[in-house]
Structures are given as C-alpha cells and as structure tokens.
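Here the structure is a predicted model, which is why all the values come from computation and not from measurement.
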Amino acid sequence: MNILAVATLEVEAAPVNITLELVPRQVVLVNESFQLECNVAEDVYPLPDIELRRNHNLVQSVKGITNVYTVVNARQTDEGTYSCVAINRVNSTMSLVQTVTIETPAVVKRFCPSTGVMYICTGQRETISCLASGDPQPDVMISGKHSSSLSSNASVIILDPTALSDNGTYTCIANNTHATVKETCLVAIGSGLVYFKKCSDAICCVC
C-alpha cells in the first residue's frame with residue numbers, strides 16, 4: 001500500500017507598497033467629515049496588522065489588507081500628520097505621511113452691543129472695533145461714515161473727537177477662504193441727551 005504524503009507550502013511575504021489615501025481632501029473644515037484609508041497588496045501573507053497613526057500615536061489598528069478610518073465631526077484635535085504602518089511576522093512597512101489640516105470659517109466675535117446700537121457722546125475719543133476669528137486668519141475691515149484699513153483678525157476706527165456727523169450705520173466685514181461674514185451696528189452720537197447703555201454698574205450715561 002502506497003501512502004502519498006501531501007504537504008502545503010505557504011510562502012510568507014513582508015507587507016510592501018502600503019498606501020495612504022485621504023478622502024476627500026487635506027484641508028477639512030471643522031465639523032465636516034473626512035476619511036483615511038490604508039491599503040496593502042492582497043497577496044501578503046501572513047495578513048498584517050495595519051496601524052493608522054497620527055503624530056506617531058496609534059489611532060486605529062486592523063488585521064487585514066485595508067484599514068478605513070472615518071471622522072464624522074472634525075475637531076482641531078484631529079489635525080496632524082497621519083501615516084500607515086503594516087506589520088506581520090516577516091517585516092513592517094510604513095507609508096508616506098499625509099498632513100490633515102482642520103480649518104474654520106471666519107466669524108465676527110465682537111463688534112456691536114447686543115442691542116445693535118452703540119451710544120456715544122460728542123466731543124469724546126471713542127473707538128469702533130471689530131474682532132474676528134477663523135483659520136486661516138480672516139481679513140477684517142469696518143466700513144461706514146469712516147472706514148478702517150484691512151487687517152488680520154481685528155480692525156479699529158478711532159473717532160477723536162466724536163461729532164454728530166459720525167452718526168450712521170457701520171459694518172464689520174470678516175473674510176477668509178471659507179466664509180465672508182458681515183455684522184452691522186448703528187452708531188448714535190448725541191449732545192445734551194441721556195443715552196441708555198451699560199456703563200459699569202450704571203444704567204445710563206449723560207452727555
């Protein structure tokens with residue numbers, strides 16, 4: 001009786017040509033979604049552990065030929081340099097790195113009182129200022145009876161001395177690559193009148 005011995009020879013191979021794909025783009029707006037995908041060749045044996053790392057720290061590990069990492073609401077903490085590392089008992093391979101930048105639209109942070117009116121007396125030195133934020137830094141300017149020059153993050157108009165001719169509506173405009181926002185404020189300048197506003201603990205100021 002002849003016995004036929006059958007042996008299975010498994011050829012082991014190191015994971016090679018690991019790739020990192022970013023969908024849909026490198027620059028992501030805050031609260032948007034983005035996806036990273038690590039892939040290795042299908043014929044790798046044994047199956048590797050595919051690690052996705054951000055700034056060299058492990059984010060997600062999957063055994064197989066694909067590791068898909070999805071961020072639903074991007075935050076500043078998701079920003080960084082991502083890479084894929086495929087590891088099996090033969091060897092390890094690291095992908096090229098991919099930088100993800102989380103940016104924010106321009107927004108006006110401070111410009112006008114909540115009433116929408118800025119009360120000012122004549123003959124004083126007053127400033128009309130606008131503060132904005134965003135990433136990239138927004139360009140900010142104020143337009144109205146007087147206009148400010150374009151500057152980053154903040155813009156100021158100085159009225160010195162204030163006069164009745166300064167009365168009117170002023171608009172703060174903040175702009176970056178993701179948004180252009182505007183906020184208006186009525187500047188009311190008077191003489192010999194009582195204007196209600198919040199002055200420290202007082203409820204009104206008298207011109």
Can you tell me how far the [atom1] atom of [X] sits from the [atom2] atom of [Y], to the nearest 0.5 Å?
X: Tyr170; Y: Leu186; atom1: OH; atom2: CG; result: 10.0 Å
X: Thr122; Y: Asn167; atom1: OG1; atom2: CG; result: 10.0 Å
X: Leu159; Y: Ile120; atom1: CG; atom2: CD1; result: 6.0 Å
X: Thr180; Y: Asn175; atom1: OG1; atom2: CG; result: 3.5 Å
X: Asn57; Y: Leu52; atom1: CG; atom2: CG; result: 11.5 Å
X: Lys109; Y: Glu183; atom1: NZ; atom2: CD; result: 11.5 Å

TODO: Walk me through it: do Asn39 and Thr66 pass the test side chain to side chain donor-acceptor pair (under 3.5 Å)?
DONE: CA-CA 5 Å; Asn39 294 297; Thr66 300; 3.0 Å; yes

For residues [X] and [Y]: do they belong to one hydrophobic cluster (side chain heavy atoms under 4.5 Å, members Ile, Leu, Val, Met, Phe, Trp, Tyr)?
X: Val140; Y: Val187; result: no
X: Val100; Y: Val59; result: yes
X: Val62; Y: Val68; result: no
X: Val30; Y: Leu36; result: yes

(Q) Quick one, Val71 with Ser33, criterion side chain to side chain contact (heavy atoms under 4.5 Å, CB included). Give me CA distance, side-chain angles, the key distance, then yes/no. (A) CA-CA 5 Å; Val71 175; Ser33 299; over 6 Å; no

Measure SG to SG for Cys112 and Cys172 and state whether it is below 2.5 Å.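 A disulfide is absent here, as the SG pair of Cys112 and Cys172 is separated by 2.5 Å or more.
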
### Query
Quick one: do the Gln60 and Asn67 side chains pair a donor with an acceptor below 3.5 Å?
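Yes, side-chain donor-acceptor contact under 3.5 Å.
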
Exercise. Please check if any side-chain donor atom of Asp135 sits under 3.5 Å from a side-chain acceptor atom of Thr104, or the reverse.
Key: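 Side-chain D/A pair, Asp135 to Thr104: absent.
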
- Task: List the steps, then state whether side chain to side chain contact (heavy atoms under 4.5 Å, CB included) holds for Ile142 with Phe111.
- Result: CA-CA 10 Å; Ile142 302 171; Phe111 178 49; 4.2 Å; yes

Item to complete: Measure across Ser143 and Ile173 and return the closest heavy-atom pair with its distance rounded to 0.1 Å.
Response: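 In this case the closest contact between Ser143 and Ile173 is OG-CD1, 4.3 Å.
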
Any side-chain heavy atom of Leu29 sitting closer than 4.5 Å to one from His178?
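Answer yes - side chains close enough.
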
- Message: With heavy-atom distances below 4.5 Å as the criterion, would you say the side chains of Asn88 and Asp49 are in contact?
- Response: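 Heavy-atom side-chain distance check fails, nothing below 4.5 Å.
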
Is it the case that over 12 heavy atoms from other parts of the model lie below 6.0 angstrom from the CG atom of Leu96?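 For Leu96, atom CG is not crowded (no more than 12 foreign heavy atoms under 6.0 Å).
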
- Whether over 12 other heavy atoms sit under 6.0 Å from Lys63 NZ: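 Enclosed: over 12 neighbouring heavy atoms sit under 6.0 Å from NZ of Lys63.
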
Table please: side-chain donor-acceptor pairs of residues 75-87 below 3.5 Å, with sequence neighbours left out.
| residue | atom | partner | partner atom | Å |
| --- | --- | --- | --- | --- |
| Arg75 | NH1 | Asn31 | OD1 | 2.5 |
| Asp78 | OD2 | Arg75 | N | 2.8 |
| Glu79 | OE2 | Ile102 | N | 2.8 |
| Tyr82 | OH | Arg54 | NH1 | 3.3 |
| Tyr82 | OH | Asp78 | O | 2.7 |

Check step by step if side chain to side chain donor-acceptor pair (under 3.5 Å) holds for Glu126 and Thr162. CA-CA 7 Å; Glu126 292 284 351; Thr162 53; over 6 Å; no

Donor-acceptor pair, Ser155 side chain versus Ser149 backbone, under 3.5 Å?
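Side chain of Ser155 to backbone of Ser149, a donor-acceptor pair under 3.5 Å: yes, one is there.
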
Legend entry - Cationic N near anionic O, under 4.0 Å, Asp166 to Lys145: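 Result for this pair is no, no salt bridge flagged.
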
With a cutoff of under 4.5 Å between side-chain heavy atoms, which Ile, Leu, Val, Met, Phe, Trp and Tyr residues group with Val156?
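When side chains under 4.5 Å apart are linked, the cluster holding Val156 also contains Ile158.
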
